[in-house]
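Letters A, B, ... mirror the listed sequences (proteins, then strands); counts begin at 1.
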Number of protein chains: 2
Amino acid sequence: MEMAAAMTSLTDIESVLKALASERRLQILDWLKDPVAHFPPQEHGDPEAHGACNQFIVEKLGVSQPAGSRHLKVLTDAGLVIPTRRKGWVYYRRNEAALANVAALVASI
Amino acid sequence: MEMAAAMTSLTDIESVLKALASERRLQILDWLKDPVAHFPPQEHGDPEAHGACNQFIVEKLGVSQPAGSRHLKVLTDAGLVIPTRRKGWVYYRRNEAALANVAALVASI
DNA sequence: TAGCCACATAACATGATAGTTATATGGAGA
DNA sequence: TCTCCATATAACTATCATGTTATGTGGCTA
């Protein structure tokens, strides 16, 4: 069993800050604090448990579908959101542990 | 008398994160935690009080003088370092209050 | 005032980011 | 199997970031 990576190098901090340094992506993270309040009801996928689906986020961003999907990929690759694939949709929720870790990292700058 | 700006909008968070999302600039901020340990002695300018001078930082970064100066300008414009002009040199020190504010902002993401 | 030195700015090359439209992929359901 | 729909990928364009070299600016100091 492996320890969680410490993620203390400047390069690591840089990469996660680059993922965060985008108004669109900050907006997504903010919406995902309360998916029920910010997105339409979903018949499939519990918004409390799994977050909002790709499509709703893209629509609310007001950009093209590929552009929105790429923002979600950046957040996912940085570990800041967690995707759940289900019945052809992909739901995204915040990774609160990772976000708390980022806050701690920034506090150490 | 005006209150200090609250700086809570996503746009504001984005701009300061963009200033931080650079390995070079993170490196500068790290060095400036202890200028005496990381830079040669300065005959003019107290490193404890005013930080390290532009020239030393540029040399340690290993980039050209304009490139280094621009990184320092980005940090200065974001309010993350404080420049002190003296006898033809410019010294930079960390703005701890601003950095603490950033940490609090990131914790609220 | 003349020259020097630190720093700032200009101009340019290059790579990364973020947007677009078009198309591929892949699972659900008829 | 065929179709449909959500998402992913490809290809391209525009803008921004970061590096370079060359040059300007401005204050010490002789």
Side-chain angles (χ1 to χ4, degrees), chain A residues 10-11 14-29 35 39-45 47 50-78 80-93, chain B residues 10-11 14-29 35 39-45 47 50-78 80-93:
Chain A
L10 296 183
T11 305
E14 182 198 25
S15 65
V16 72
L17 287 181
K18 280 189 189 303
L20 277 180
S22 154
E23 188 171 3
R24 299 235 195 253
R25 294 192 287 270
L26 289 171
Q27 180 72 78
I28 292 170
L29 289 170
F39 298 99
Q42 302 170 167
E43 53 273 22
H44 293 297
H50 300 126
C53 77
N54 187 306
Q55 189 181 16
F56 287 168
I57 297 171
V58 167
E59 282 171 6
K60 198 162 171 103
L61 273 180
V63 295
S64 66
Q65 178 264 322
S69 279
R70 189 167 43 191
H71 281 302
L72 287 162
K73 176 170 169 48
V74 171
L75 288 172
T76 303
D77 289 348
L80 300 174
V81 298
I82 300 171
T84 303
R85 268 158 240 280
R86 187 160 167 176
K87 287 210 168 201
W89 285 272
V90 184
Y91 303 95
Y92 292 93
R93 66 182 188 277
Chain B
L10 295 184
T11 304
E14 182 199 24
S15 65
V16 72
L17 288 181
K18 280 189 188 305
L20 278 180
S22 153
E23 187 171 5
R24 300 235 194 252
R25 294 192 287 271
L26 290 171
Q27 179 71 77
I28 292 170
L29 289 170
F39 298 100
Q42 303 171 165
E43 54 273 23
H44 294 296
H50 300 127
C53 76
N54 187 307
Q55 190 181 15
F56 287 169
I57 296 170
V58 167
E59 283 171 5
K60 200 164 171 100
L61 273 181
V63 296
S64 66
Q65 178 264 323
S69 279
R70 188 168 43 192
H71 281 302
L72 287 162
K73 177 169 168 48
V74 171
L75 288 172
T76 303
D77 289 349
L80 300 174
V81 299
I82 300 171
T84 303
R85 267 158 242 280
R86 186 161 168 174
K87 287 209 168 202
W89 285 272
V90 184
Y91 304 94
Y92 292 94
R93 67 182 187 278

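Atom CG of A/Asp77 is separated from atom C1' of D/dT9 by 14 Å (rounded to the nearest Å). Distance, A/Lys18 NZ to D/dC16 P: 16 Å, rounded to whole Å. Counting to the nearest Å, the P atom of C/dA18 and the CG atom of A/Leu72 are 13 Å from each other. The distance from atom CD of B/Glu23 to atom P of C/dA16 is 15 Å, rounded to the nearest whole Å. Atom pair A/Leu75:CG and D/dA8:P shows a separation of 13 Å (rounding to whole Å applied). Here D/dT18 presents its C1' atom at 9 Å from CZ of B/Arg25, a figure rounded to the nearest Å. Separating the CZ atom of B/Arg86 from the C1' atom of C/dC7 is a distance of 18 Å, rounded to the nearest angstrom. As a whole-Å value, the separation of A/Leu26 CG from C/dA18 P is 11 Å.
By the 4.5 Å heavy-atom criterion applied to side chains, B/Asn54 and B/Ser69 are counted as neighbours. In this structure the side chain of A/Ser22 reaches within 4.5 angstrom of the side chain of A/His71, judged on heavy atoms. By the 4.5 Å heavy-atom criterion applied to side chains, A/Pro40 and A/Phe56 are counted as neighbours. Annotation: side chain of A/Ile82 is not in contact with side chain of A/Tyr92 (no heavy-atom distance under 4.5 Å). Considering only heavy atoms from C-beta on, A/Thr11 stays 4.5 Å or farther from B/Leu26 through its side chain.
Counting only heavy atoms from C-beta on, A/Lys87 has its side chain closest to C/dG29 among D/dA8, C/dA6, C/dG29. Looking at the side chain of A/His71, the nearest of the listed nucleotides C/dA18, C/dG19, D/dA8 is C/dG19.
Taking side-chain N and O atoms only, B/Arg85 has a distance below 4.0 Å to OP1 or OP2 of C/dA8.
In this structure, the side chain of A/Arg25 engages the main chain of A/Ala19 through a donor-acceptor pair within 3.5 Å.
Between A/Arg70 and B/Asn54, the one whose closest nucleotide on DNA chain C sits nearer the 5' end is B/Asn54.
Nearest heavy atom pair, residue B/Val63 against residue B/Val58, reads O-CG1, 3.6 Å.
Within residues 61-69 of chain B, the residues having any heavy atom closer than 4.0 Å to DNA chain D are, in order of number, B/Val63, B/Ser64, B/Pro66, B/Ala67.
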